[in-house]
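This report refers to the structure that appears directly beneath it.
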Number of protein chains: 2
Amino acid sequence: MILDSETKAVELPEHHGDELRLWLRLLTCTTLIEGEVRSRLRERFDVTLPRFDLMAQLDKVPEGMTLSDVSKRMMVSNGNVTGLVERLVESGHLDRRTSDADRRVQVIRLTKAGRAEFRKMAAEHELWIADVFGDLTPKDVRELMRLLAKTKASAQKSAKARAG
Amino acid sequence: MILDSETKAVELPEHHGDELRLWLRLLTCTTLIEGEVRSRLRERFDVTLPRFDLMAQLDKVPEGMTLSDVSKRMMVSNGNVTGLVERLVESGHLDRRTSDADRRVQVIRLTKAGRAEFRKMAAEHELWIADVFGDLTPKDVRELMRLLAKTKASAQKSAKARAG
DNA sequence: GCCAATTACTTGAAACCTAAAGAAATCTGG
DNA sequence: CCAGATTTCTTTAGGTTTCAAGTAATTGGC
């Protein structure tokens with residue numbers, strides 16, 4: 001480590017190990033929690049996480065959404081959504097119809113049965129999550145929310161700068 | 001909202017929306033960054049994220065690791081590691097041999113070429129990550145590290161309690 | 001020594017996921 | 001109107017991922 005002309009601590013070459021460790025820790029937390037939720041969904045309701053996530057998106061919008069909307073919100077590819085929706089229509093959880101206004105567009109909604117099943121799962125899911133974060137104080141939660149919001153904004157800016 | 005006998009704010013039924021929102025935000029951040037890293041690895045080095053992750057694990061341990069070790073560290077299933085390793089051995093990045101002491105065990109290491117390629121990728125990867133977290137102050141980074149450590153511990157405790 | 005339990009890994013089936021190419025409908029600028 | 005660009009969705013190929021079942025080697029109890 002050396003001191004530059006304005007007496008700030010700097011390193012050559014620049015060292016970014018802290019950010020890397022932060023990223024790995026963030027990833028570990030998410031993987032851990034995601035795995036836990038996945039296990040519980042499977043053993044309790046015999047449902048996969050992607051299906052639960054898709055139903056969660058649809059539960060927020062009773063009038064339904066297009067496949068593109070789902071794709072953007074879930075941050076997964078279009079082709080992925082096509083298959084996921086196919087299986088959930090097949091199992092009776094989703095209702096799917098072509099838009100009258102634009103025949104390219106497919107609008108999907110939860111069926112009555114699908115909604116009922118989702119609500120049941122969501123109620124337990126919320127308790128699992130509360131338990132997972134159980135050792136954090138309300139202040140910790142607020143502070144994490146704030147820092148993750150900042151992280152999200154920073155990451156989006158970085159992604160946008162690359163894509164142009 | 002009501003006030004209980006000790007004048008603490010409580011809600012009935014208990015409300016865990018804050019934790020749920022925190023989880024969704026954590027997931028959003030990770031998905032966002034992971035997608036960015038995935039894209040950059042593909043376009044810059046034509047390599048997938050799981051392969052990069054596996055090589056990163058091996059780079060830390062020159063003498064090599066067993067498949068089980070890799071499986072635990074990467075938090076993925078054994079079967080997954082088998083296929084991943086197979087393809088990386090095929091492409092010449094990994095060296096694989098059966099342990100003399102225990103013939104059930106497969107020890108894998110980076111080949112010279114594999115290590116060289118990984119180091120090249122890792123150097124850029126570190127810059128990408130630094131850029132992604134670029135808007136966070138050093139204090140933000142420290143604070144996030146602390147809170148995520150606490151989160152990890154809490155989640156592990158919760159998972160352990162369920163599994164018994 | 002021997003048998004049962006455990007451990008390490010592989011295999012198989014189904015699902016998930018991406019990127020890229022393709023098909024169909026719509027929009028846009030002459 | 002109409003040809004080209006764009007949007008929406010599907011398809012395809014190649015990987016990744018899990019879970020569960022299976023195989024092989026080792027360990028531990030007796």
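Numbered from 1 within each chain, the chains take letters A, B, ... in sequence-line order. Heavy-atom basis, side chains included; hydrogens, waters and symmetry copies ignored. Remember, predicted model here, so these are calculated numbers, not experimental data.
- For A:Arg42, the listed nucleotide lying nearest its side chain is D:dC19; candidates were D:dC9, C:dC9, D:dC19.
- Here the CG atom belonging to B:Leu24 is positioned 8.0 Å from the CD1 atom belonging to A:Ile129, to the nearest 0.5 angstrom.
- Of the residues near DNA chain C, A:Asp100 and B:Glu86, the one whose nearest nucleotide (by heavy atom distance) lies more toward the 5' end is B:Glu86.
- Across the protein-nucleic acid pair, A:Glu34 atom CD and C:dC16 atom C1' stand 12 Å apart, rounded to whole Å.
- Across C:dT11, C:dT7, D:dT8, the shortest atom-to-atom separation from the side chain of B:Arg104 is found for C:dT7.
- Between A:Thr151 and B:Phe133, the closest side-chain pair of non-hydrogen atoms falls below 4.5 Å.
- Side-chain contact between A:Phe52 and A:Arg38 is absent, with no heavy atoms from C-beta onward closer than 4.5 Å.
- Side-chain atoms of A:Thr137 and A:Asp140 form a donor-acceptor pair, as typed in the model, at a separation below 3.5 Å.
- The shortest distance between side-chain heavy atoms of A:Trp23 and B:Glu34 falls below 4.5 Å.
- Of all the residues in residues 47-71 of chain B, B:Thr66, B:Leu67, B:Ser68 reach under 4.0 Å from DNA chain C with at least one non-hydrogen atom.
- For D:dG14, the OP1/OP2 oxygens have no side-chain nitrogen or oxygen of B:Arg87 closer than 4.0 Å.
- Here A:Met75 lies in heavy-atom contact (under 4.0 Å) with sugar-phosphate atoms only.
- For A:Arg103, a side-chain nitrogen or oxygen approaches OP1 or OP2 of C:dT26 to under 4.0 Å.
- Donor-acceptor pairing under 3.5 Å is recorded for the side chains of B:Asp69 and B:Thr66.
- Taking atom CD1 on A:Ile108 and atom C1' on D:dT8, their separation rounds to 13 Å, with Å as the unit.
- Rounded to whole Å, atom C1' of C:dT11 lies 16 Å from atom CG of B:Leu84.
- Nucleic acid contact class of A:Asp102 (heavy atoms, under 4.0 Å, all strands): sugar-phosphate only.
- In the helix from C:dG1-D:dC30 to C:dG30-D:dC1, the terminal helix axes, each the rotation mapping four pairs' C1' atoms onto the next four within five end pairs, subtend 20°, rounded to 10°.
- Taking 4.5 Å as the limit, every side-chain heavy atom of A:Arg96 sits out of range of all side-chain heavy atoms of A:Arg109.
- Proximity of B:Asn80 to the phosphate of D:dT18: a side-chain N or O atom is located under 4.0 Å from OP1 or OP2.
- Rounded to whole angstrom, the span from the CZ atom of B:Arg97 across to the P atom of C:dA8 amounts to 17 Å.
- Atoms CZ (A:Arg38) and C1' (C:dA14) sit 14 Å apart, rounded to a whole Å.
- What separates NE2 of B:His93 from P of D:dG15 is a distance of 13 Å, to the nearest Å.
- Nearest heavy atom pair, residue A:Leu58 against residue A:Ile108, reads CD2-O, 3.6 Å.
- A straight line from CD of A:Gln106 to P of C:dT26 spans 12 Å, rounded to a whole angstrom.
- Side chains of A:Asp95 and A:Thr111: a donor-acceptor N/O pair is absent below 3.5 angstrom, by distance only.
- Looking at A:Ser77 and A:Asn80, their side chains never bring a donor and an acceptor atom within 3.5 Å of each other.
- Atom CG in B:Asn78 sits about 17 Å away from atom P in D:dT23, given to the nearest Å.
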